[in-house]
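One structure is given here, and the rest of the page talks about it.
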Number of protein chains: 2
Amino acid sequence: MDIQFAILGLLDAQPRSGYDLKKIIAESDLFYWSGNNNQIYNSLVSLHNAGLVSVETFQQESLPPRKVYSITPAGQSELRQWLLTDPEPPEIRDPFLIQLAWADQLHGDELDAILARYAVEITILLKMRQAKQQRPAISPQRSPREKFLWKRIEENLAGIYQRELEWVNALRQDLREQYHNRTE
Amino acid sequence: MDIQFAILGLLDAQPRSGYDLKKIIAESDLFYWSGNNNQIYNSLVSLHNAGLVSVETFQQESLPPRKVYSITPAGQSELRQWLLTDPEPPEIRDPFLIQLAWADQLHGDELDAILARYAVEITILLKMRQAKQQRPAISPQRSPREKFLWKRIEENLAGIYQRELEWVNALRQDLREQYHNRTE
DNA sequence: CTTGTCATGTAAGAGGTTACATGATTCG
DNA sequence: CGAATCATGTAACCTCTTACATGACAAG
């Protein structure tokens, strides 16, 4: 998967500048990239070279010119084709699980402490997720169905943290019961 | 997070060669890297330079020499210190959700088709996960608690796919009911 | 008076992937 | 007879990240 298709979709919803895209991607969980300039500005250049987007430059006084990109018909057909390609599975990278894999050398309270810290971390992320879900998102809402799909996508993202939180809490509980939170 | 700590933990359980590590990492979901030579052999060199592992070379007839790495006391204390560092949150990268975010331009049956393909994909991954859970894993099992922790880690990994599958199935069901699987 | 926003762009480097190279042995 | 396993290592490359550079204006 390529950030290009994320950008193409965002431009299909409405024309935007590189700076607009950067902000959206940096704040989004769905568009999981960091939102750094390098990637976005270069992607826009190569999308332009491929004829998938067009640019319009607006001169501004005392500010650098604002370059607003729009999707072209070629870009739209490229996007549509991509929508029909084989879905990729999600990538899961949870370094904490590796930490836990070697954590048996910690004693009970140390182990519970890092589990607690993990739970706090996840709780914060979940809260941030839910906050984003409240305020008007970048969701296009071009049709009731699109609005519905975006709602479900956001629920999916929240669900990931929800499940993780339940998992870690159950684990803490069971460790407490089975090992009374101390090794020998 | 660094692959170095994954390697350090694996070597703490028992001495292994680069080739051993490569196989473990390539097949593992927990150790989420591809298991390519470059990364592993270079990591071993730098771990060795840092004095965190030691090497013993075993000459073999008609095969290249086997270099078996062991963790050093310095390596063990480095590992233990890392275990106490702040847990990192999981990284979720689900390109399919981006595909779905722009998928409103598909009509009902096209949309259901890609959702179905995603469900198949996830089902396969879940089955593979469960298969791995059956056969004797690389789980160290140095104590009952370690065995327990590894079981929970594996359940976590399976749970991710499980939840995703439930989510996509519920979505398909609701689309069928609400939109009768066709747009105008 | 510093921090944040607007707005573009570049540079350097970490991290990660695929593929290549070698070469004997075993399995189907 | 071709493919897989054992076992090391290198090369080329892509992706992505942090940080830098410029410069005006507004807000606290």
Side-chain angles (χ1 to χ4, degrees), chain A residues 1-7 10-11 15-50 53 55-69 88-89 91-95 98, chain B residues 1-8 10-11 15-50 53 55-70 88-89 91-95 98:
Chain A
M1 154 79 195
D2 214 353
I3 196 172
Q4 316 243 124
F5 292 109
I7 291 175
L10 284 164
L11 296 182
R16 300 176 212 257
S17 69
Y19 188 73
D20 292 335
L21 292 168
K22 174 199 165 88
K23 274 193 302 179
I24 291 167
I25 293 171
E27 282 185 19
S28 164
D29 299 318
L30 172 62
F31 308 111
Y32 44 79
W33 298 271
S34 75
N36 69 93
N37 290 357
N38 207 322
Q39 212 171 7
I40 292 165
Y41 286 89
N42 283 336
S43 294
L44 286 169
V45 167
S46 66
L47 283 171
H48 189 240
N49 289 341
V53 300
V55 207
E56 224 184 327
T57 308
F58 297 92
Q59 292 300 332
Q60 300 178 112
E61 28 167 339
S62 82
L63 269 180
R66 186 177 150 86
K67 293 163 92 172
V68 176
Y69 292 85
E88 286 172 60
E91 269 179 61
I92 313 134
R93 305 182 168 207
D94 197 344
I98 299 176
Chain B
M1 153 77 195
D2 212 354
I3 196 172
Q4 315 244 124
F5 292 109
I7 291 176
L8 231 36
L10 284 164
L11 295 182
R16 300 177 211 257
S17 69
Y19 188 73
D20 292 334
L21 293 168
K22 174 200 165 88
K23 274 193 302 179
I24 290 167
I25 293 171
E27 282 186 18
S28 164
D29 299 319
L30 173 63
F31 307 111
Y32 45 78
W33 299 271
S34 74
N36 69 92
N37 290 357
N38 208 323
Q39 213 170 5
I40 292 165
Y41 286 89
N42 283 337
S43 293
L44 285 170
V45 167
S46 67
L47 283 171
H48 190 239
N49 289 341
V53 301
V55 208
E56 224 185 325
T57 308
F58 297 92
Q59 293 299 330
Q60 300 177 114
E61 26 166 340
S62 81
L63 269 181
R66 185 176 150 86
K67 293 163 94 172
V68 176
Y69 293 85
S70 308
E88 288 172 58
E91 270 180 60
I92 312 134
R93 306 183 166 206
D94 198 343
I98 298 175

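- The closest side-chain heavy-atom distance from B/Ile92 to A/Tyr32 is not below 4.5 Å.
- Regarding B/Asn42, its CG atom lies at a distance of 12 Å from the C1' atom of D/dT8, rounded to whole Å.
- Between A/Asn38 and A/Pro64, the residue anchored closer to the 5' end of DNA chain D is A/Asn38, taking for each the nucleotide with the nearest heavy atom.
- In this entry the distance linking NZ of B/Lys22 with P of C/dG16 reads 16 Å, nearest Å.
- No side-chain heavy atom of B/Asp2 sits under 4.5 Å from any side-chain heavy atom of B/Ile7.
- Closest to the side chain of B/Ser34, out of C/dT5, D/dT17, C/dT18, is C/dT18.
- With rounding to whole Å, B/Trp33 atom CH2 is found 14 Å from C/dA14 atom C1'.
- Regarding B/Glu91, its CD atom lies at a distance of 11 Å from the C1' atom of D/dC16, rounded to whole Å.
- Within the 4.0 Å cut-off from OP1 or OP2 of D/dT8, at least one side-chain nitrogen or oxygen of B/Tyr41 is found.
- Nearest to the side-chain atoms of B/Tyr19 among the listed nucleotides C/dC20, D/dT5, D/dC16 stands D/dT5.
- Of the side-chain N and O atoms in A/Lys23, one or more sit less than 4.0 angstrom from OP1 or OP2 of C/dC6.
- B/Glu88 places its CD atom 12 Å from the P atom of C/dG15, with the value rounded to the nearest Å.
- A/Asn49 and A/Ser46 are not linked by any side-chain donor-acceptor pair at a separation below 3.5 angstrom, with hydrogens and angles left out of the test.
- Residue A/Asn36 places at least one side-chain N or O under 4.0 Å from the OP1 or OP2 atom of D/dT17.
- Within the 4.0 Å cut-off from OP1 or OP2 of D/dT17, at least one side-chain nitrogen or oxygen of A/Gln39 is found.
- B/His48 places its NE2 atom 12 Å from the P atom of D/dG9, with the value rounded to the nearest Å.
- The shortest side-chain heavy-atom distance between A/Leu21 and A/Tyr69 does not fall under the 4.5 Å cut-off.
- C/dT10 atom P lies 15 Å from atom CD1 of A/Ile40, rounded to whole Å.
- No side-chain heavy atom of B/Ile40 sits less than 4.5 Å from a side-chain heavy atom of B/Ile24.
- Taking only side-chain nitrogens and oxygens, A/Gln60 comes nearer than 4.0 Å to OP1 or OP2 of C/dA7.
- Regarding A/Asn37, its CG atom lies at a distance of 18 Å from the P atom of D/dT15, rounded to whole Å.
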